[in-house]
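Structure, as structure tokens:
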Amino acid sequence: MERTSTGVELRNLRRTFGPVVALDNLNLTLQPGELIALLGPSGCGKTTALRLLAGLDQPDSGEIVVGGKDITAVPASKRNMGMVFQSYSLFPNLTAAENVAFGLRVRRVSKSERLKRAAELLELVGLGEQRDRYPHAMSGGQAQRVALARAIAVQPDVLLLDEPLSALDAKVRTQLRDEIRRLQIEVGITTLFVTHDQEEAMAIADRVGVMRAGNLEQLDLPAVLYARPATPFVASFVGTNNVLPTTVEPNGTVYVLGRALAVAAGSDELAVGQAANALLRPESVSLGHRDGGTDGVAGVVSSTSFFGSVTRLTVKLDAGNFILVDMPSVIARDFSAGAEVLARAMTNEVVIQHQEAVALVDE
Amino acid sequence: MERTSTGVELRNLRRTFGPVVALDNLNLTLQPGELIALLGPSGCGKTTALRLLAGLDQPDSGEIVVGGKDITAVPASKRNMGMVFQSYSLFPNLTAAENVAFGLRVRRVSKSERLKRAAELLELVGLGEQRDRYPHAMSGGQAQRVALARAIAVQPDVLLLDEPLSALDAKVRTQLRDEIRRLQIEVGITTLFVTHDQEEAMAIADRVGVMRAGNLEQLDLPAVLYARPATPFVASFVGTNNVLPTTVEPNGTVYVLGRALAVAAGSDELAVGQAANALLRPESVSLGHRDGGTDGVAGVVSSTSFFGSVTRLTVKLDAGNFILVDMPSVIARDFSAGAEVLARAMTNEVVIQHQEAVALVDE
Amino acid sequence: MAAIVKRRKERHLFAWLTLALVALYFLLPLVSATEFSLRENNGTHGLDAYRSILQQPDFRDVIMLTLRLTVISVVLSLVIMVPTVTMVHLGAKKYRRLVEFISLQPLVIPPIVLVLGVVNVMPVSWLGSADLLGFEYVVLAMPFTFRALDAGLMNLDVKTIVDAARGLGASWLTVLVRVVAPNLKSGIFGAMFLTIALVLGEFTMASLMLWNTFPTWIATVGQSDAALSVALSVASLAFAWVLLVLISFADRRRKA
Amino acid sequence: MAAIVKRRKERHLFAWLTLALVALYFLLPLVSATEFSLRENNGTHGLDAYRSILQQPDFRDVIMLTLRLTVISVVLSLVIMVPTVTMVHLGAKKYRRLVEFISLQPLVIPPIVLVLGVVNVMPVSWLGSADLLGFEYVVLAMPFTFRALDAGLMNLDVKTIVDAARGLGASWLTVLVRVVAPNLKSGIFGAMFLTIALVLGEFTMASLMLWNTFPTWIATVGQSDAALSVALSVASLAFAWVLLVLISFADRRRKA
């Protein structure tokens with residue numbers, strides 16, 4: 001299974017569809033064996049980037065270099081890529097094993113050899129028993145596992161995953177996500193993973209690239225994206241945020257939930273006195289009972305959401321707006337719905353945005 | 001907007017489709033104003049239960065009581081229910097406002113009155129501006145908001161939500177989930193929410209009912225379900241679990257990751273010496289560096305997944321199997337891929353199952 | 001770079017070429033027929049044939065009968081087929097195969113069998129009425145009306161929409177009239193158009209049942225005056241096209 | 001309780017009743033036609049008419065010509081339409097409206113226009129060949145072949161499957177032959193069946209172009225011997241049904 005991994009370079013890729021600029025000068029380098037996730041809302045160009053790399057679409061300009069070779073003009077069938085799609089892409093007339101063996105058959109590998117390899121790969125994705133099943137008799141998760149095996153079977157230079165999990169149930173989604181990552185590390189294959197789900201991107205990738213309107217806004221480690229977003233868009237798209245109205249103070253700080261906080265990198269440039277929105281993470285808010293102190297902004301807990309080890313509280317501030325607060329479930333027990341609380345910022349710096357910035361609620 | 005809420009009682013509901021028992025003697029009581037989520041894999045009967053309550057399907061036997069009145073024989077059009085579906089159910093030929101007003105029009109409310117009410121409700125779901133838009137010009141999230149407004153417009157006794165979020169993007173999904181909860185509390189409407197997503201169910205509901213093969217296995221507060229599952233199915237379906245092979249010891253304990261743990265309520269009854277699977281939550285595992293001690297089971301970190309405040313590590317134990325470990329991201333920085341670690345159980349009791357119990361990997 | 005863009009263009013070119021060939025397959029005979037209908041005795045071209053259409057003695061009778069048959073067929077088709085196809089989409093899949101099979105029968109059963117069957121079964125008094133032919137056209141149109149309505153409902157997720165309307169308190173009639181029909185507009189238009197096209201083109205059945213409809217009239221006229229017959233055909237074709245364009249327009253407006 | 005179950009049953013009953021009525025609409029003429037074909041001169045019933053089919057002098061010629069036309073139409077239809085419809089599903093939606101419009105033309109254009117057009121345009125030497133009629137049948141079958149293949153491809157998510165195959169290294173030819181065709185089996189069967197039904201039933205075109213195909217032969221025979229003509233129709237219908245059942249069977253096996 002061990003093999004040398006291949007690096008990928010996308011250089012100045014541009015692709016327009018009529019007046020729509022799907023991809024506007026994209027530059028992206030994947031190190032050999034690295035898994036990069038492209039993250040963004042629909043229409044941001046992430047899938048276009050993946051299809052260009054696969055050869056299923058051609059760029060207007062720019063180069064695609066894989067393993068040091070310029071393959072921009074090579075057709076899809078001659079590039080050595082493995083691809084998994086969002087919708088089930090198995091060939092309905094072939095069994096699981098025949099699906100996995102398809103790429104080998106096209107490459108004129110002998111029948112015995114390709115059946116042996118298909119069996120191995122199905123074993124690898126945990127479907128050794130299902131080898132003779134047809135796609136319609138499989139669950140969504142099984143079908144995507146077979147698609148994954150099929151993509152890896154041809155020993156591709158690069159693995160391309162186009163939202164492979166979005167059609168699956170929540171439970172299966174997380175399981176398969178972890179499995180893909182495990183497999184990717186085991187096989188050591190350079191991988192591009194496209195998704196609109198920030199949690200998924202953060203969880204699976206070595207580095208995450210956040211895209212917006214054809215541009216790559218930031219490419220970095222998940223933890224860095226989360227802690228030090230380069231642009232307001234990244235700040236609001238990655239993770240959950242409370243959006244709190246505030247004003248830039250003369251000393252360059254902003255008051256958020258009763259505390260003066262420094263303006264963090266990745267904020268919009270705003271003049272003193274200008275109105276702004278502060279983006280505060282739910283885990284960066286602490287709560288105290290109102291009778292226990294005077295520090296913070298007053299509110300009432302309106303509901304609680306249990307997430308296992310963490311509980312998320314929705315607090316209606318006396319000003320009328322709502323904020324989300326995450327805390328360990330053990331502590332959250334003290335705050336049931338109706339509790340009168342004081343909310344306080346638990347961080348030293350905060351990202352701010354123009355108040356007119358389009359909210360990312362729902363494109 | 002304030003109104004008295006209605007209680008609901010489902011008594012001994014049974015529904016079969018040919019040889020398939022979709023619902024096998026379901027009993028469920030919703031308190032006035034309560035939000036109950038029915039959670040389970042597809043085919044567990046949760047949607048059947050909702051459709052019976054809506055009157056879109058009739059039970060073989062059993063009674064449906066709403067507000068003290070038996071409505072089992074009342075047709076759907078005469079029951080006073082508001083319903084939101086998984087797929088977009090807006091009438092494509094009507095604008096947002098006309099969609100919201102449809103139920104009022106059927107009830108012969110005057111035109112001016114129903115347009116006024118439609119405007120109010122669209123305001124309530126944050127779509128006041130979109131009143132004259134047609135469904136095809138809306139995003140998925142907007143369409144589901146309009147569907148919600150349409151369901152509430154008729155001031156229904158009960159709000160029925162049939163996986164209203166599963167077709168939406170991750171980001172929109174959580175936002176709308178929180179909004180539905182907020183609205184439901186504000187309007188004070190008794191609500192039945194059906195979903196296959198355990199995180200969603202836990203986050204939104206007052207109480208969660210876990211269903212399996214037509215039966216309600218447990219109905220309880222989210223935190224109770226998580227901490228004290230009544231059956232092995234509930235234990236494995238709710239939250240993430242590490243499945244670790246072990247054996248029942250003479251004193252009734254089991255060894256898990258080097259520690260003897262008590263067998264928790266909700267476990268399968270197993271005799272001493274029998275092989276079992278222990279279900280251990282990722283947050284109930286602690287890691288230490290291998291050179292820092294001798295306590296625990298040895299392994300190597302194979303990958304890390306960043307979830308914001310929490311990071312999930314995948315550890316390959318020396319025995320060859322993988323376990324998941326959740327820890328605060330601040331601590332997780334010390335454990336990068338390749339780190340040699342010792343894993344240890346951080347709980348005093350654990351749920352065990354028959355090893356032959358069907359894994360819930362993927363139905 | 002240029003090579004890539006060129007490759008994309010070549011693929012488009014190939015697609016358009018195929019289309020053009022298929023279109024030619026139709027256009028050639030059409031152009032030729034039109035040319036033929038414009039020929040005049042003195043070897044020049046003109047509208048003589050078209051002018052003489054209106055001067056035919058039985059023109060009015062033929063048009064009235066054809067119109068009557070069209071209205072009967074269209075109305076009856078919709079009344080029978082819209083609820084039937086809706087039911088197929090709402091009900092279990094098992095109905096589907098059966099209804100599809102039945103709706104295909106007119107393509108399979110030779111018209112002569114249908115005619116002879118009808119003639120044998122019907123009371124003699126009914127045979128004198130042209131309406132009977134209208135009923136037969138409903139049957140003949142079934143493969144088309146079924147497909148058109150079926151395709152329209154496919155785009156609709158009719159089950160969810162009907163459930164939603166019922167849940168909001170709508171009766172079954174309200175559901176059909178206020179919810180299904182307005183959203184099935186393009187399917188209904190399609191079914192109407194195809195039925196009209198059938199009535200305007202059906203020859204065998206009408207001639208076997210001895211009625212002088214538009215198509216049989218064209219054939220009769222054609223025996224004495226070929227140019228006139230072809231002119232009539234071209235005129236009826238133009239009429240059908242105008243209908244098609246109108247329907248396509250109404251359909252597009254709805255989606256815009 | 002009983003009331004509820006009863007209500008559900010009533011709704012099913014209503015559904016089946018509608019179906020039964022529609023079925024009757026076809027069955028009555030069929031039964032009557034069959035009965036008619038079984039009548040014998042002495043007032044009893046028997047298979048005389050069917051027996052005499054084989055004894056007709058030009059039986060063999062007619063069957064051979066019809067078979068040849070069938071093969072030409074089916075093969076040519078598939079060769080033209082499978083890539084065209086696949087292209088429509090792969091390419092931009094803008095092609096779709098156009099191709100659909102073109103494919104509907106045979107329902108709109110009166111056969112006489114097509115015939116006259118062809119006769120005018122074609123070199124005289126071609127007019128002597130019956131193959132020309134086969135080409136015309138390909139055109140006439142287009143509304144059916146397009147719909148059948150289109151419906152087949154709708155179930156397929158052909159874009160993703162084709163992308164997947166290309167990504168795995170398959171050439172365009174491999175994609176068509178190994179991926180699209182095998183998964184389009186039911187659509188291809190449907191198109192084949194409808195084309196065959198058309199050739200076995202088409203009367204106008206064949207008679208206008210003066211060829212003695214199965215349907216025109218039935219009509220000619222019918223003028224001298226009605227019972228024989230109806231027997232032939234019933235026989236051809238039975239043949240078409242056997243085809244339908246076989247196709248439906250092959251289709252079901254694939255999905256099982």
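Computed from a prediction, not measured in an experiment: that's the story for all the values here.
- A:R117 and A:E120 are joined by a salt bridge, as a carboxylate oxygen and a charged side-chain nitrogen come within less than 4.0 angstrom of each other.
- The residues A:R51 and A:D162 are annotated as not salt-bridged, no charged nitrogen and carboxylate oxygen being separated by less than 4.0 angstrom.
- Only the side chain of A:R105 comes within contact range of chain D, with at least one heavy atom under 4.5 Å from a heavy atom of that chain.
- Applying the ring pair (Phe, Tyr, Trp, His ring centres under 6.0 Å) test to pairs two or more places apart or on separate chains, those with a residue in residues 80-114 of chain A are A:F91-A:F102.
- The line from CG of A:L104 to CZ of A:R114 is 8.0 Å long, rounded to the nearest 0.5 Å.
- For A:F193, there are no ring-ring contact (aromatic ring centres under 6.0 Å, His included) partners, not counting sequence neighbours.
- Of the two parts of D:D157, only the side chain, counted from C-beta on, holds a non-hydrogen atom closer than 4.5 Å to a non-hydrogen atom of chain A.
- Most heavy-atom pairs under 4.5 Å with chain A: of the set D:T174, D:D163, D:V162, D:I161, this distinction falls to D:D163.
- For A:L90, the part lying under 4.5 angstrom from a heavy atom of chain D is the backbone only.
- Taking chain A as the reference chain and counting heavy-atom pairs below 4.5 Å, the highest number among D:A165, D:G169, D:S171 is found for D:G169.
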